[in-house]
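For reference, the structure discussed in these notes is given below.
These numbers were taken from a predicted model, which means no experiment stands behind them. Naming: A, B, ... by sequence-line order, numbering from 1 per chain.
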Amino acid sequence: MAEKFPEKYNHREVEPKWEKKWEESGIYKAIDFDEKPKKYILFEFPYPSGERLHLGHAFSFTGTDILARFYRMKGFNVLCPIGWDAFGLPAENYAIKTGINPAIATAENIINSQKQAKRWGLSVDWNREISTTDPQYYKWTQWIFLQWYKKGLAEKKEMPINWCPACKIGLANEEVIGGNCERCGAEVSRRTIKQWVVKITAYADRLIEGLKNTDFIEKVKASQINWIGRSEGAEIKFEIRNPKSEIVVFTTRPDTLYGATFMVLSPEHELVKNIRDEKVKKYIETARKKSDLERTELNKEKTGVFSGLYAINPATGEEIPVWISDFVLSSYGTGAIMAVPAHDQRDFAFAKKFGLPIVPVIVPEGKWNFDEKAYTEVNEGMTVNSPEWEGIKPSEAIKKALEWMEKKAIGRKSVSYHLRDWIFSRQHYWGEPIPIVYCEKCGEVPVPEDQLPVELPEVEKYKPTDSGESPLASVSDWVNTKCSKCGGPAKRETDTMPNWAGSDWYYLAYPLADKLEVQSSQGNLFLDNLELLKYWLPVDIYLGGDEHNTLHLLYSRFTYLFLRDIGAVPQEIPEPYYKRLSHGVILGKDGQRMSKSRGNVINPDEAVEAFGADSLRMYLLFMGPFDYTMVWNQENLEGCFRFLKRVWNLFTGSNQSEVDDQILLRKLNQTIKKVGEDIEEIKFNTAVAALMELLNEMCNVECTIKTLKTFLLLLAPFAPHLTEELWEKLGNKFSIHQQSWPEYNPELIAEEVAVIAIQINGKLRGTTEVQSAKIRDQKEIERIAKENDKVKKYLKGQEIKRIVYVPGRLINFVV
RNA sequence: GCCCGAGUGGCGGAAUUGGUAUACGCGCAGCACUUAAAAUGCUGUGACCUAAACAGUCGUGCCGGUUCGACCCCGGCCUCGGGCACCA
């Protein structure tokens with residue numbers, strides 16, 4: 001019998017007590033090369049901002065923590081780490097406002113965030129904590145960049161970028177909010193400047209193919225594939241006689257070549273640069289001034305200008321005019337198109353506006369008015385006016401057209417991608433310096449690897465300079481350096497890396513965390529530790545938000561594939577993440593996204609103070625499916641608090657019995673099965689419900705000590721503090737979180753009696769209880785069912801045409 | 001426009017993937033304890049019909065289909081949420 005402990009459930013006492021003990025005892029340590037099977041469970045590391053960690057963090061971290069605790073109990077060597085993605089704009093903006101060095105503000109925020117995370121009862125391995133702003137960390141972020149550089153995947157290039165005229169800096173796409181600068185709100189325009197670019201497009205196909213080595217949920221795979229946007233088609237050459245030149249276009253519809261009645265070049269196209277015509281020059285000038293937003297928002301009304309050039313349609317041999325319009329993008333395909341207004345809606349709109357001819361080369365099966373709309377169907381209709389591929393389906397004509405073009409050497413198969421190369425420069429201060437110097441003699445020179453890291457110097461002003469350069473440009477001590485090749489004077493690159501750079505490889509840093517601190521300048525973090533990486537990789541379960549399903553996931557997968565190509569990560573492991581799960585979003589109680597301006601922000605720390613971390617954890621998981629968008633409801637949180645109080649009171653009471661209650665034993669075994677399966681399937685809400693059901697039954701009877709212990713074990717991942725306390729009070733040794741997950745007895749799960757539904761024509765008319773042993777005996781069930789009074793009533797005077805019996809479930813009489 | 005996801009009581013959501021719709025929780029109502037309230041415990045709670053119980057009818061966004069049987073599968077819509085978008 002357990003001792004009596006009649007005091008009230010006091011989370012304020014219980015929770016900090018155990019958090020301290022867990023920290024001192026280090027029970028959540030992940031062990032390198034342990035014999036137990038490993039499980040690498042990862043949540044997206046947070047950004048430690050002045051706002052502290054928010055409810056969304058508490059939610060996703062808790063979900064991850066349930067998995068970590070569960071798999072630990074299941075006998076796995078679990079790695080569940082935490083770190084800080086600490087470079088980035090918020091810290092820099094804060095520095096601009098206050099003049100406080102971002103390094104100091106960030107360090108402070110990290111301390112506060114650590115306190116929060118610990119207070120939530122997360123079972124992370126704090127020995128492996130990392131921060132992207134630590135020079136020993138970003139040394140390797142820079143090293144990866146140098147490897148790209150060596151392999152020709154990183155280069156400095158003239159690129160059109162988003163430009164904020166007020167802040168005088170280039171902005172990444174993610175820093176442009178609705179066409180305006182995220183920082184100052186000014187309207188963003190386009191500007192071409194020299195930028196570091198990483199050729200992620202070289203990996204486009206492999207990033208698609210690699211998905212088959214993962215177990216990502218469908219929507220994640222879909223978003224990756226969508227973003228890459230692979231499309232197959234053809235490149236076709238169009239000759240220009242005067243002046244002699246040619247235009248190459250990319251098209252997915254080579255079958256419509258006979259219908260190409262004009263061509264369109266993007267304003268940035270090479271050929272356009274030599275045209276002297278005033279109207280053309282003017283058009284190009286206005287196009288340049290337009291922001292991306294304007295260019296795409298004006299999609300209703302097409303603009304354009306005739307170039308004065310004519311090209312030869314290689315199929316018809318006819319001359320067709322070449323136009324210039326900004327609806328053709330310079331960054332996709334070849335920056336030029338053949339326009340087939342009869343079979344492309346955009347070309348159609350352009351032709352209508354400028355009175356260009358529309359020539360159908362595919363006839364639909366039904367009626368079609370080519371004066372109203374383009375016909376774009378590929379799998380229906382028949383080609384016409386196309387001597388080389390006449391009278392066949394467009395999809396077949398595509399193949400024939402390709403063959404014909406290849407034979408005639410005017411075109412070939414080609415693939416295009418929506419994916420663009422990755423602009424890697426930022427004119428910000430608070431980021432990793434790009435390890436390149438510019439020597440007067442030798443030109444662009446990479447910093448030798450043994451001189452890494454190139455440390456970020458302190459600056460006085462965090463705003464960019466008037467020239468649009470990074471604030472680093474003004475630190476002359478730092479900028480002026482020596483060339484590693486010739487020893488002559490050189491200047492450092494002053495652009496820094498984007499926020500993605502540090503998060504590209506952080507999942508590799510956790511297994512290597514202790515190596516980060518002690519590495520020598522000669523050693524190589526990756527190459528020297530391949531075996532360790534091989535032990536821990538891949539990440540078994542990666543939990544994150546939908547907002548990172550495309551870019552972060554793509555960039556980090558690309559980084560991994562690249563590192564694998566150069567042998568820096570294990571060859572045996574093709575992808576960094578095996579399973580990717582996305583968590584949902586919690587809205588404020590008004591059903592709106594939480595934001596300071598709306599005043600609907602729920603502070604997780606307040607909830608923890610009022611009801612305890614365990615209550616909050618239970619509630620976050622119980623509120624709905626883990627990947628749903630859900631609305632915060634304080635009353636439901638209190639319901640979970642009540643549940644924990646009832647648990648406490650049950651254990652406080654002295655209603656223990658010596659003998660197992662058979663009904664309870666069955667429920668207990670069913671619950672062991674259910675909770676375990678639900679956790680594995682990320683159905684936390686129903687796992688919690690099952691625990692509540694079990695508690696309800698336990699409250700109605702006297703329980704054995706064994707039952708009580710088992711219940712605690714099942715609850716342990718969800719309410720780690722409470723269960724640890726009660727575990728101790730039952731007289732057990734520390735810690736409940738080092739116990740094994742309970743096993744269930746399959747024989748005890750089966751119900752003794754089955755309730756069988758009786759249907760007439762599929763409508764429920766009654767139920768009957770049958771001994772489980774008899775459920776296979778259809779004759780017997782039929783007999784019992786027919787004796788049911790209600791059934792008798794319905795069957796009276798009816799002829800039974802058919803009887804459907806589902807063993808143990810229902811019997812249906814068809815009359 | 002394209003690609004995902006979702007529509008179930010007063011509310012959040014369950015439903016062994018074709019087999020008794022609404023588990024669990026919240027809310028609400030009643031009762032017990034209390035001088036009273038809070039807390040706690042117990043009972044009830046889809047709608048309609050009925051004095052009530054029984055019985056019955058309806059019921060998972062809408063219309064139709066398949067099936068002995070459909071929240072679940074098929075066809076056609078509607079609404080909401082998220083992402084992408086002049087990508088040739």
Base-pairing assignment for A21(B) (Watson-Crick or G-U wobble, both under 3.5 Å)
none

Between Phe59(A) and Phe626(A), how do the two ring planes meet: parallel, tilted or perpendicular, split at 30° and 60°?
tilted

If we only count heavy atoms from C-beta on, is the Pro341(A) to Phe262(A) side-chain gap below 4.5 Å?
yes

May I ask you to say what Asn226(A) touches in the nucleic acid, namely base, sugar-phosphate or nothing, with a heavy-atom cut-off under 4.0 Å?
sugar-phosphate

Take the protein atom CG of Asn649(A) and the nucleotide atom P of C42(B), then report the distance between them rounded to whole Å.
11 Å

If you look at every strand shown and take non-hydrogen atoms under 4.0 Å, does Asn696(A) touch a base, only sugar-phosphate, or nothing?
sugar-phosphate

Sort out the partner of G7(B) for me: Watson-Crick or G-U wobble, both distances under 3.5 Å, none otherwise.
C78(B)

Using Watson-Crick geometry (N1-N3 plus N6-O4 or O6-N4) or G-U wobble (N1-O2, O6-N3), each under 3.5 Å, A32(B) is paired with U40(B)

When the C1' atoms of G7(B) and G59(B) are considered, how many whole Å apart are they?
16 Å

Flag for Tyr619(A)-Asn633(A): side-chain donor and acceptor within less than 3.5 Å:
no

Parallel, tilted or perpendicular, as decided by the 30° and 60° cut-offs, for the rings of Phe327(A) and Phe350(A)
tilted

What integer distance in Å separates Met630(A):CE from G13(B):P?
8 Å

Could you tell me whether Lys645(A) contacts a base, only the sugar-phosphate backbone, or nothing, with contacts defined as non-hydrogen atoms closer than 4.0 Å?
sugar-phosphate

Base of U17(B) relative to its sugar, syn (within 90° of 0) or anti?
syn

Just call it for Thr550(A): base, sugar-phosphate, or nothing, with non-hydrogen atoms closer than 4.0 Å on any strand.
nothing

Whole-Å gap separating P (G25(B)) and CG (Leu694(A)):
12 Å

Are OP1 or OP2 of C84(B) and a side-chain N or O of Ser223(A) less than 4.0 angstrom apart?
no

Rounding to the closest angstrom, what is the interatomic distance between C74(B) and C4(B) at atom P?
14 Å

Do the ring planes of Tyr332(A) and Phe250(A) sit parallel (below 30°), tilted (30 to 60°) or perpendicular (above 60°)?
perpendicular

Does Arg765(A) reach a base, just sugar-phosphate, or nothing at all? Heavy atoms under 4.0 Å.
sugar-phosphate

Among G19(B), A88(B), A23(B), the one nearest any side-chain atom of Glu693(A) is A23(B)

Write down the partner of U66(B) under the Watson-Crick or G-U wobble criteria, each distance required to be under 3.5 Å.
none

Could you tell me the separation between the CZ atom of Phe813(A) and the P atom of G69(B), rounded to a whole number of Å?
16 Å

With C1' as the reference atom in both, quote the distance from C72(B) to U67(B) in angstrom, rounded to an integer.
13 Å

Look at all strands and tell whether Tyr628(A) reaches a base, only sugar-phosphate, or nothing, counting heavy atoms closer than 4.0 Å.
sugar-phosphate

Considering only the C1' atoms, how many Å lie between C49(B) and U57(B), rounded to the nearest integer?
8 Å

Work out how far the P atom of C84(B) is from that of C26(B), and round it to whole angstrom.
39 Å

Under 3.5 Å on both distances, the Watson-Crick or G-U partner of A52(B):
none

Categorize Val631(A) for me: base, sugar-phosphate, or nothing, with a 4.0 angstrom heavy-atom threshold over every strand shown.
nothing

Heavy atoms from C-beta onward define the side chain here; which of G82(B), C86(B), U20(B) lies closest to that of Leu764(A)?
U20(B)

Taking the side chain as C-beta and beyond, is there a heavy-atom pair between Leu664(A) and Leu694(A) under 4.5 Å?
yes

What is the glycosidic conformation of G46(B): syn, defined as within 90° of 0, or anti?
anti

When you check the phosphate oxygens OP1 and OP2 of C26(B), does a side-chain N or O of Arg642(A) lie under 4.0 Å from one of them?
yes

Any Asn685(A) side-chain nitrogen or oxygen under 4.0 Å from OP1 or OP2 of A14(B)
yes

Nucleotide forming a Watson-Crick or wobble pair with C86(B), both distances under 3.5 Å
none

Considering only the P atoms, how many Å lie between G82(B) and C28(B), rounded to the nearest integer?
31 Å

Atom CG of Leu553(A) and atom P of G83(B) are separated, to the nearest Å, by 17 Å

Report the base-pairing partner of C71(B) (Watson-Crick or G-U wobble, both distances below 3.5 angstrom), or none.
none

Does a nitrogen or oxygen in the side chain of Arg802(A) sit under 4.0 Å from OP1 or OP2 of G69(B)?
no

Note: for Asn812(A) and Lys683(A) on RNA chain B, the residue whose nearest nucleotide lies more 5' is Lys683(A)

SB check Glu44(A) Arg580(A) (cutoff 4.0 Å)
yes

Would you indicate which nucleotide in U20(B), G25(B), A88(B) comes nearest to any side-chain atom of Tyr332(A)?
A88(B)

C58(B) - base-pair partner by Watson-Crick or wobble geometry, distances under 3.5 Å:
G46(B)

If you look at every strand shown and take non-hydrogen atoms under 4.0 Å, does Thr767(A) touch a base, only sugar-phosphate, or nothing?
base

Charged N to carboxylate O below 4.0 Å: is that the case for Lys683(A) and Glu677(A)?
no

Contact class for Gly639(A) vs. all strands (heavy atom < 4.0 Å): base, sugar-phosphate, or nothing?
sugar-phosphate

Using the C1' atom in both, what is the distance from C3(B) to U8(B), to the nearest Å?
26 Å

Closer than 4.0 Å, any side-chain N/O of Lys763(A) to the OP1 or OP2 of A70(B)?
no

Could you pick out which residue, Pro625(A) or Trp227(A), lies toward the 5' side of RNA chain B when each is mapped onto its nearest nucleotide?
Pro625(A)

C3(B), OP1 or OP2 - any side-chain N/O from Lys219(A) closer than 4.0 Å?
no

When all nucleic acid strands are considered with a 4.0 Å heavy-atom cut-off, which category describes Gln759(A): base, sugar-phosphate, or nothing?
base

Could you go through Ser582(A) and Asp627(A), starting from their C-alpha distance and side-chain angles, then the distance that decides it, and tell me whether this counts as side-chain hydrogen bond (donor to acceptor under 3.5 Å, both in side chains)?
CA-CA 6 Å; Ser582(A) 56; Asp627(A) 57 355; 5.5 Å; no

Whole Å only: how far is the CD atom of Glu681(A) from the C1' atom of U16(B)?
11 Å

